[in-house]
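Report on one structure; see the data block that follows.
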Amino acid sequence: MPDTTGTAAQKYAASLRLGLALSGGGSRAAAFHLGTLQGLRDVALLDDLDVISSVSGGSVFAGAWLAARSKGFDLDRFLSKMAQELEKGFVARSISMHAFKLLLPTYTRSNLLSETFDRTLMHGMCLSELPERPLLCINTSVMNTGQVGKFSRYGFSSTGMHAPGGTQGSSNPVIPLQDFPVALAATASAAFPVGLPPVYLSRGKHIPLGWGGAELAGHKRFALTDGGVLENLGVQTLLKSKRFSAWNLIISDAGRKEHPWNPGGPGNLLRGAVMGILSFPIIQRVAVMMNSKENRHMRLSAFGELERSWLVEELRGSHSPGLGDYLAGQSALPRRRMLFIRLSQTLRELLASIPRWRLHELVARSGQTLPSPLPPVSDLLQTAGINLDHAMEIHAAMGGDMRIEELNRFGTRFTALSRKDIEDLTAHARWQVHAMNALFND
């Protein structure tokens with residue numbers, strides 16, 4: 001394990017590692033991430049990955065990919081195998097084959113699904129068998145503390161979990177769990193409240209006696225639920241964690257566009273009543289966790305807005321001594337490189353969202369300045385030598401922006417997807433990798 005304390009941590013984070021964030025979203029996310037991997041291979045970035053941070057469906061996908069690599073499968077074989085399993089679905093197979101195990105007192109639907117993931121995708125792989133590179137971090141939400149829990153080849157770590165008499169330190173201490181199944185860690189990351197009950201770590205078996213300090217001393221079990229409760233992209237780990245930090249990021253976001261919700265109707269009332277009866281304590285705790293997380297986020301956002309407005313004012317003044325102090329306190333690293341691949345993004349939206357500062361940079365490469373008024377963005381990119389032809393070919397072949405609107409209505413469950421839907425979700429991510437790489441990765 002790398003030294004991740006103090007100055008050593010800063011040097012380690014400064015090594016310009018490339019991180020991939022794989023979001024949640026059930027089987028839909030897994031199919032979308034297939035296209036992200038294909039696209040990264042196309043543009044020669046796949047072998048450059050140093051760190052992977054995954055959530056929920058992204059964790060199932062990442063665990064399956066690394067398990068396939070450990071068995072010597074090449075990428076094409078894995079892509080084909082994963083597509084086949086997505087087409088079969090996981091929920092129906094779990095229930096039909098092994099539902100009788102639910103009669104056991106400590107056995108849950110999450111255990112059932114975990115066994116299916118292990119049987120079809122992970123093949124018995126344990127945390128200690130995960131590779132050093134790319135280093136995988138499987139993110140989950142610890143309901144006891146409201147903090148992110150992280151599974152990796154080193155074991156389990158989370159804010160608030162430290163040895164007796166120890167302190168948190170600059171990086172969370174790791175509890176070694178070498179034999180813990182990758183499939184169960186991925187299920188803990190994907191255990192969406194209500195649909196899937198939490199995965200539990202037991203005191204004495206998984207969490208050593210005394211770990212967690214006085215506040216957690218009486219906790220016999222630690223409930224792990226969907227990582228998306230606290231952060232569904234996996235980006236926070238790459239940005240904030242010292243052990244899993246990366247400077248340059250590729251974000252594969254399989255989150256859907258938001259659609260209006262109609263609170264009426266007997267169906268909604270019935271579902272709400274059943275969910276409330278079955279899972280009220282879980283729902284209550286999740287609501288508190290999400291509220292606390294949002295409050296922390298907004299506090300940081302408010303301070304960030306204060307700093308941003310100050311920075312704009314200082315830049316306009318151009319000779320302010322405060323600006324020099326600000327720059328002196330910043331890292332000397334180059335700007336971050338980031339490719340953002342989104343399920344909710346259409347080609348029209350992608351072209352419209354290119355920031356003006358980037359357009360200035362692109363046209364400047366050909367010795368020109370940004371004209372006013374702006375011509376159509378596609379014409380401007382052509383003038384700047386940006387070739388999106390291959391991206392647009394893939395986009396057109398999968399049905400274009402109209403098909404993207406349809407893909408955004410798919411659910412987040414681990415039920416079966418049609419072959420056509422898998423292919424289109426894959427192509428949707430792939431064309432974006434090509435486009436974003438041409439636009440932002442120079």
Side-chain angles (χ1 to χ4, degrees), residues 20 22-31 33-34 36-37 49 51-95 97-98 101 107-140 149-156 176-192 196 198-201 206 224 226-227 234 252 413-417 422:
L20 171 63
L22 297 173
S23 83
S27 290
R28 181 195 69 222
H33 299 328
L34 282 173
T36 298
L37 287 199
L49 292 178
V51 191
I52 301 171
S53 173
S54 65
V55 180
S56 194
S59 295
V60 175
F61 176 85
W65 177 35
L66 295 182
R69 281 176 41 132
S70 73
K71 294 176 69 69
F73 291 3
D74 62 23
L75 184 62
D76 286 327
R77 184 174 178 182
F78 164 69
L79 296 174
S80 176
K81 169 68 173 175
M82 190 72 194
Q84 292 172 12
E85 299 300 339
L86 291 172
E87 193 173 3
K88 295 176 185 176
F90 301 100
V91 174
R93 282 188 283 175
S94 300
I95 296 174
M97 296 179 63
H98 301 279
K101 292 184 178 181
Y107 196 87
T108 69
R109 297 186 303 278
S110 293
N111 296 116
L112 201 63
L113 187 61
S114 172
E115 288 190 0
T116 302
F117 288 149
D118 194 49
R119 185 172 59 254
T120 59
L121 299 174
M122 282 74 161
H123 309 293
M125 189 179 208
C126 297
L127 292 180
S128 61
E129 296 173 309
L130 288 168
E132 293 185 12
R133 182 178 183 274
L135 177 61
L136 174 62
C137 175
I138 295 175
N139 296 280
T140 185
K150 299 180 175 68
F151 287 102
S152 71
R153 70 189 308 270
Y154 309 126
F156 179 78
L177 292 176
Q178 288 91 342
D179 297 329
F180 197 86
V182 172
L184 189 55
T187 305
S189 179
F192 189 76
L196 291 171
V199 170
Y200 292 98
L201 299 182
H206 304 111
L224 309 182
D226 195 312
S252 186
R413 299 172 294 276
F414 286 101
T415 48
L417 295 173
I422 295 169

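Ala416 and Glu87 get closest at one heavy-atom pair: CB-O, 3.3 Å. The minimum heavy-atom distance between Phe414 and Gly57, with the atom names listed, is CZ-CA, 4.0 Å. Taking each heavy atom of Leu113 and Thr187 in turn, the nearest pair found is C-OG1, 4.5 Å.
Val51 is not listed as a side-chain neighbour of Leu49, based on a closest heavy-atom distance of 4.5 Å or more. Side-chain contact check for Val91 versus Thr116: every heavy-atom pair is 4.5 Å or farther apart. Residues Pro131 and Leu66 meet the side-chain proximity criterion, which asks for heavy atoms closer than 4.5 Å. Residues Leu121 and Val60 are in side-chain contact: their nearest non-hydrogen atoms beyond the backbone lie under 4.5 Å apart. Side-chain contact check for Tyr200 versus Pro198: some heavy-atom pair is nearer than 4.5 Å. When side chains are defined from C-beta on, Trp65 counts as touching Leu75, because their heavy atoms get closer than 4.5 Å. Contact of the Leu201 side chain with the Phe180 side chain is registered, since non-hydrogen atoms from C-beta on lie closer than 4.5 Å. Side-chain contact between Leu20 and Thr36 is present, with heavy atoms from C-beta onward closer than 4.5 Å.
In this structure, NZ in Lys71 is found 10.0 Å from NZ in Lys81, a value given to the nearest 0.5 Å. Distance check, rounded to the nearest 0.5 Å: CG of Leu79 to CG of Leu34 gives 5.5 Å. To the nearest 0.5 Å, atoms CG (Leu86) and OG (Ser27) are separated by 5.0 Å. With rounding to the nearest 0.5 angstrom, the CG atom of Leu127 is 8.5 Å from the CD atom of Gln178. With rounding to the nearest 0.5 angstrom, the CD atom of Gln84 is 9.5 Å from the CD1 atom of Ile422.
Salt-bridge annotation for Arg93 and Glu85: present, with a side-chain N of the basic residue lying under 4.0 Å from a carboxylate O of the acidic one.
For Phe156 and His206, the distance between ring centers is not under 6.0 angstrom. The aromatic ring centres of Phe61 and Phe78 sit less than 6.0 Å apart.
Panel note: side chain Asp118, backbone Gly124; a donor-acceptor pair is recorded below 3.5 Å. A distance-only check finds a donor-acceptor pair linking the side chain of Ser70 to the backbone of Ala67 [under 3.5 Å]. Looking only at distances, no side-chain donor or acceptor of Ser59 sits under 3.5 Å from a matching main-chain atom of Ala186. With Asn139 contributing its side chain and Ser54 its backbone, the two residues share a donor-acceptor pair below 3.5 Å. A donor-acceptor pair under 3.5 Å is absent between the side-chain atoms of Ser152 and the main chain of Leu136, judged by distance alone. In this structure, His33 contributes its side chain and Ser23 its backbone to a donor-acceptor pair below 3.5 Å. A donor-acceptor pair under 3.5 Å links the side-chain atoms of Arg153 to the main chain of Leu130, judged by distance alone.
In the model, Ser56 has a side-chain atom that pairs as donor or acceptor with a side-chain atom of Asp226 under 3.5 Å. Under 3.5 Å, the side chains of Glu115 and Tyr107 contain a donor-acceptor pair of N or O atoms. Side-chain polar atoms of Asn111 and Ser114 form no donor-acceptor pair below 3.5 angstrom. No hydrogens or angles considered: nothing links the side chains of Ser128 and Asp179 as a donor-acceptor pair under 3.5 Å.
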* Asked: After noting the C-alpha distance and the side-chain angles of Phe151 and Leu224, does the key distance pass the side-chain contact (heavy atoms from CB on, under 4.5 Å) rule?
  -> CA-CA 11 Å; Phe151 287 102; Leu224 309 182; 3.6 Å; yes
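Annotation for Arg133: atom CZ counts as buried by contact number, over 12 foreign heavy atoms lying within 6.0 Å.
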